[in-house]
Protein chains: 2
Amino acid sequence: MTTRWLTPEEQRAWRAYIASAALVEDALDRQLQQEAGMPHLYYSILATLSEAPERRLRMTDLAEGLKITRSRLTYAVTRLEKDGLVRREDCRWDKRGSIATLTDEGMRVLERTAPGHVETVRALLFDRLTPEQVGQLEEIFTAVAGGFQGDDAHATAEDVPWRRRSGKPCS
Amino acid sequence: MTTRWLTPEEQRAWRAYIASAALVEDALDRQLQQEAGMPHLYYSILATLSEAPERRLRMTDLAEGLKITRSRLTYAVTRLEKDGLVRREDCRWDKRGSIATLTDEGMRVLERTAPGHVETVRALLFDRLTPEQVGQLEEIFTAVAGGFQGDDAHATAEDVPWRRRSGKPCS
DNA sequence: TAGGTTTGTTTCAAACTTGAACCAAGCGGA
DNA sequence: TCCGCTTGGTTCAAGTTTGAAACAAACCTA
């Protein structure tokens, strides 16, 4: 079957999106590197942990919630652990398991840097959009995220990133 | 001034966006790594060159068009040059300058892999959106990109990535 | 309950990115 | 013309990401 190239409109949308997505991520990385001494992903790890019950999560759940590979997470957590922001504990119910816990220090860093992060997100994105566009943005990317469901049978998107592996308790 | 946290709606939009953006980039990288043996950025370099007059661009123009650092580009072009897809030439008018040119081989790789890339873009994004949403997507990210104008006074987004540095000819 | 498969996590080397430092070559004015 | 400032590019070390092993524990199933 012959290629269905992008229409001019799709072309424009795609280029605007790709360029902006990269710019936003870069800006976020730089801002957080400045204020928190870590890239965006690492901040997200702390943030995700902070919302989890008891501020702890199994590595695999954390990786799935953040949609990153386990090996990437291993590296990141090792660094955060060195910095004292996260602690690794063994899972008592599953001896293979490893649990990442946000330390008090980690919580403090998060609380200290969150306002600046939110400001940046506003400056980069929401301040530039109308309220309708915010709604559209959500719908568009909820639809896009839907395309990845099959990949590894997750819960939808970010709603319950701390969902447990099986029904098994864990800590 | 006290932090303006994200509203629940903004929160949802932000999370859907962040997660999807990462997923899309990853999927793109994987697809292109498979089919073309290079990550998305490297493919974009070839694509940008292919649209430039004479398929050549000064390093800095290329970096600005792609919105990446010069050093990142240097590394990437070095690799692409090793693979024979791009060639470096000296700029005759400005002895500091270096010009990246797409080779015939590079053009062939691009032509061979473009259809698959477009398919992927459709599968990841456009197939999941209504025509109205495509328009909304463009408007949203054109607005977002607008926020970066001051950073280095570019032409808007991707429209003229091959624009010349000064008025000076170059090759 | 032994043996094979799956699951959770880490390890390792190779590739890539970052930011600061560096080196030329242009440029502008005293 | 000489000098200091800017611009175009590369280099280098440190940090990060990738994907393919490697491992170990848990889970079948015959």
Side-chain angles (χ1 to χ4, degrees), chain A residues 22 25-34 37-45 57-83 86 88-100 152-153 164-168 170, chain B residues 22 25-34 36-45 57-83 86 88-100 152-153 164-168 170-171:
Chain A
E25 254 304 298
D26 283 5
L28 240 35
D29 273 338
R30 269 196 303 281
Q31 190 266 327
L32 284 168
Q33 192 67 56
Q34 281 283 315
M38 66 183 80
H40 185 202
L41 173 66
Y42 292 56
Y43 175 91
S44 299
I45 291 174
L57 234 28
R58 288 194 58 158
M59 295 295 278
T60 295
D61 292 322
L62 192 45
E64 286 186 353
L66 293 166
K67 276 121 176 56
I68 60 175
T69 60
R70 296 199 216 29
S71 92
R72 190 178 178 188
L73 180 61
T74 294
Y75 180 90
V77 166
T78 302
R79 197 262 231 200
L80 290 172
E81 196 172 24
K82 251 170 215 141
D83 296 348
V86 161
R88 265 190 180 91
E89 288 160 17
D90 292 337
C91 179
R92 280 184 269 155
W93 286 266
D94 182 345
K95 294 215 178 96
R96 296 167 301 181
S98 182
I99 302 189
D152 202 355
R164 287 290 160 52
R165 181 114 261 73
S166 39
K168 209 178 289 182
C170 218
Chain B
E25 255 302 300
D26 284 4
L28 240 34
D29 273 338
R30 270 196 302 281
Q31 190 266 326
L32 283 168
Q33 193 67 57
Q34 281 282 315
M38 65 183 82
H40 186 204
L41 173 66
Y42 292 56
Y43 176 92
S44 300
I45 291 175
L57 235 28
R58 288 194 56 158
M59 293 296 277
T60 296
D61 291 323
L62 193 45
E64 286 186 354
L66 293 166
K67 277 118 175 59
I68 60 174
T69 61
R70 296 205 217 43
S71 90
R72 190 178 177 187
L73 180 62
T74 294
Y75 180 89
V77 167
T78 302
R79 196 262 231 200
L80 290 172
E81 197 172 23
K82 250 170 218 142
D83 295 349
V86 162
R88 266 188 180 91
E89 287 161 16
D90 292 336
C91 179
R92 280 184 267 155
W93 286 266
D94 182 343
K95 295 216 176 94
R96 296 167 302 181
S98 184
I99 303 191
D152 202 357
R164 285 289 159 51
R165 179 113 263 74
S166 39
K168 208 178 291 181
C170 218
S171 85

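Per chain, numbering begins at 1; letters A, B, ... match sequence-line order. Please read these numbers as outputs of a predicted model, since none were measured by experiment.
- For B:R72, the side chain to side chain contact (heavy atoms under 4.5 Å, CB included) criterion is met by B:L41, B:I68, B:T69, not counting sequence neighbours.
- A:R92 CZ to A:I99 CD1: the interatomic distance, rounded to the nearest 0.5 Å, is 8.5 Å.
- A search for side chain to side chain contact (heavy atoms under 4.5 Å, CB included) contacts involving B:A100 returns B:L49, B:M59, B:L62, B:V86, not counting sequence neighbours.
- For B:D94, taking side-chain heavy atoms from C-beta onward, the closest of the listed nucleotides C:dT10, C:dG8, C:dG26 is C:dG26.
- Distance A:M59 CE to D:dA25 C1': 17 Å, rounded to the nearest Å.
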Could you pull out the protein-nucleic contacts involving nucleotides 3-6 of chain D (nitrogen or oxygen on both sides, under 3.5 Å)?
none

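- The interatomic distance linking A:L32 (CG) with D:dT16 (P) rounds to 13 Å, in whole Å.
- The phosphate of D:dT10 (OP1 or OP2) has a side-chain N or O of B:R88 nearer than 4.0 angstrom.
- Looking at every heavy atom in both residues, A:D61 comes nearest to A:L57 through CB-CG, 4.4 Å.
- Shown here are the side chain to side chain contact (heavy atoms under 4.5 Å, CB included) partners of B:Q31, two or more places apart in sequence or in another chain: B:E35, B:H117, B:T120.
- For the pair B:D61 CG and D:dG9 C1', the interatomic distance rounds to 13 Å; values are reported in whole Å.
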Quick one, give me the B/S/- string for nucleotides 15-22 of chain C, reading 5' to 3', where B means a protein heavy atom under 4.0 Å from the base and S means that only happens at the primed atoms, P, OP1 or OP2. SBBBB---
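- With sequence neighbours excluded, no residue forms a salt bridge (charged side-chain N to carboxylate O under 4.0 Å, His left out) with A:D26.
- Set against C:dT11, C:dG26, D:dG9, the side chain of A:T74 has C:dT11 as its closest nucleotide.
- Among residues two or more places apart in sequence or in another chain, the side chain to side chain donor-acceptor pair (under 3.5 Å) test is passed with B:E81 by B:R88.
- Summarising the geometry, the separation between CG on B:L28 and C1' on D:dT18 is reported as 16 Å, rounded to the nearest angstrom.
- Counting heavy atoms from C-beta outward, B:D94 and B:R58 have side chains that approach closer than 4.5 Å.
- Nucleotide D:dG15 holds its C1' atom 12 Å from the CG atom of A:D83, rounded to whole Å.
- A straight line from CZ of B:R70 to P of D:dC12 spans 18 Å, rounded to a whole angstrom.
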Sort me out a list of protein N/O and nucleotides 21-23 of chain D N/O pairs below 3.5 Å, or just none if empty.
none

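- Regarding A:K95, its NZ atom lies at a distance of 24 Å from the P atom of C:dT6, rounded to whole Å.
- As a whole-Å value, the separation of B:W93 CH2 from D:dG8 C1' is 17 Å.
- Scanning for salt bridge (charged side-chain N to carboxylate O under 4.0 Å, His left out) contacts around A:R79 gives A:D83, with sequence neighbours left out.
- The CG atom of B:L28 sits 8.0 Å away from the OG atom of B:S44 when rounded to the nearest 0.5 Å.
- With sequence neighbours left out, A:Q34 forms a side chain to side chain donor-acceptor pair (under 3.5 Å) with no residue at all.
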